[in-house]
Protein chains: 2
Amino acid sequence: MTLRESIIQKLEDNGFRITGSRVKLVDSLIKHEEGFTAEELVTEVREAGRATVYRTIRLLVDQGVLCKLAMDSGAPRYTVSGMAHHHHIICVHCGSVREFRQTVIERALKSMEDDDGDTVVGHRIEVFVLCAACRAAGAKVDSIRAEHQHS
Amino acid sequence: MTLRESIIQKLEDNGFRITGSRVKLVDSLIKHEEGFTAEELVTEVREAGRATVYRTIRLLVDQGVLCKLAMDSGAPRYTVSGMAHHHHIICVHCGSVREFRQTVIERALKSMEDDDGDTVVGHRIEVFVLCAACRAAGAKVDSIRAEHQHS
DNA sequence: TGTCATTTGATACTCAGTTTCATCAATTGA
DNA sequence: TCAATTGATGAAACTGAGTATCAAATGACA
């Protein structure tokens, strides 16, 4: 079963209708290997209206198909979530997003549980990089490091 | 030197004027132990206009005094950053924010560097909790866990 | 105290996303 | 097979958060 099929299957299984707009949107977003913004989809999928694009994205996030990623500034990016639990590597220059998983970190975070009366319900890890492609294209790390306190 | 004094000092040292609005805003935001939103400050500090509040927050983020925290939904929260490098524990119920630091995790993330041609410039870790206060007030974990894929 | 660059704030604007509601389409059931 | 029902759509108006503009005010320093 392809990714496309499995997404459509999931919607069908959960009682949502498979409409033309939804199929067009799924077709478009699975092409975005490195994530996309809502407005990118609005522009790309002219067959679907603004409201439908936003509604469909929300639906897919709710269904666990998409992963919403709030950026420090600008609109959030969405990625098709391959792994059930994962984190993100984000290029600070082009905004592209990749998934990763690091069991050492998972274990360390687990060990924090109940340290001071709070109940841990989850966590999120984002690693900011200058991706190989951007570096090759001449982007320099220094100007970026300054505006990213995350270091 | 108090926190208030050190913030004002920093602005002065960097050539910014110490105006009535800025002092009022600093006075207000240092009271928010658990973070605040821009609109909260707009409401609280009637002596300063909307634009000034937003400008001052941006200035303080630039100066490293405040830490901007993009939320999954809704406006970002700001915290006075005590430690130079730290991460956040966020209550998914009330939105309050606390800082933490975990050297094990730092080390694990450092070891990821240069795994696949990307240059790591920073990272961010957020731990989502139901804080002790909210749990005591009767908030239940289960309803929250569902909507937070972060687990 | 005067000078003047910096800061302010009212207002208008932009941008991202949501609501509304009339219309349309997919499913149900007779 | 054909209504009836319910869910989905989209144009447009709206909301909320934040920014730009620009004349007026003000803090720093001579």
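Here the structure is a predicted model, which means the values were calculated and not measured. Order of the sequence lines sets the chain letters (A, B, ...), proteins ahead of strands, with each chain counted from 1. Quick note: numbers below take in every heavy atom, side chains included, and nothing from hydrogens, waters or symmetry partners.
- The base of dG9(C) sits within donor-acceptor range of the side chain of R55(B), with an N or O pair under 3.5 Å.
- The phosphate of dT8(C) has OP1 or OP2 within less than 4.0 Å of a side-chain N or O from T19(B).
- Rounded to whole Å, the distance from CG on N14(B) to C1' on dG27(D) is 17 Å.
- Here the side chains of E99(B) and H87(B) are not in contact, with every heavy-atom distance at 4.5 Å or above.
- You'll find a donor-acceptor pair under 3.5 Å spanning the side chain of R50(A) and the base of dG17(C), going by distance alone.
- Taken to the nearest 0.5 Å, the CD atom of E5(B) stands 11.5 Å off from the CD atom of E12(B).
- With the nearest nucleotide of DNA chain C identified for both G49(B) and G20(A), G49(B) has the one nearer the 5' end.
- Atom C1' of nucleotide dA28(D) and atom CD of E12(B) are separated by 10 Å, given to the nearest angstrom.
- Between T37(A) and dA16(C), a side-chain N or O to OP1/OP2 separation shorter than 4.0 Å is absent.
- Atom CZ in R50(B) sits 12.0 Å away from atom CG in L41(B) (nearest 0.5 Å).
- For the side chain to side chain contact (heavy atoms under 4.5 Å, CB included) test with K24(A), the passing option among T52(A), V53(A), V45(A) is V45(A); the others fail.
- Between Y54(B) and dT19(D) there is no side-chain polar atom (N or O) within less than 4.0 angstrom of OP1 or OP2.
- Taking 3.5 Å as the limit, the base of dT6(C) and the side chain of R17(B) contain a donor-acceptor pair of atoms between them.
- Atom CG of L11(A) and atom P of dT27(C) are 13 Å apart (whole Å).
- Closest to the P76(B) side chain, of the nucleotides dG18(D), dA20(D), dA11(D), is dG18(D).
- In this structure, I57(B) places its CD1 atom 14 Å from P of dG9(C), rounding to the nearest Å.
- Distance, E47(A) CD to dG10(D) P: 10 Å, rounded to whole Å.
- Of the candidates dT8(C), dG18(D), dG17(C), dG17(C) carries the atom nearest the A75(A) side chain, counting heavy atoms from C-beta on.
- Between the CD atom of E39(B) and the P atom of dT19(D) there is a distance of 11 Å, rounded to whole Å.
- OP1 or OP2 of dG17(C) has not a single side-chain nitrogen or oxygen of R58(A) nearer than 4.0 Å.
- Whole-Å rounding puts the I8(B) CD1 to dG27(D) P distance at 14 Å.
- Across all strands shown, I18(A) has no heavy atoms under 4.0 Å from either base or sugar-phosphate atoms.
- Set against dG10(D), dG9(C), dA8(D), the side chain of T52(A) has dG10(D) as its closest nucleotide.
- Side-chain atoms of E39(A) and Y54(A) include a donor-acceptor pair closer than 3.5 Å.
- Between R22(A) and dT9(D) there is a side-chain polar atom (N or O) within less than 4.0 angstrom of OP1 or OP2.
- The separation between K24(B) atom NZ and dT8(C) atom C1' is 14 Å, rounded to whole Å.
- When side chains are defined from C-beta on, I30(A) does not count as touching T2(A), because their heavy atoms never get closer than 4.5 Å.
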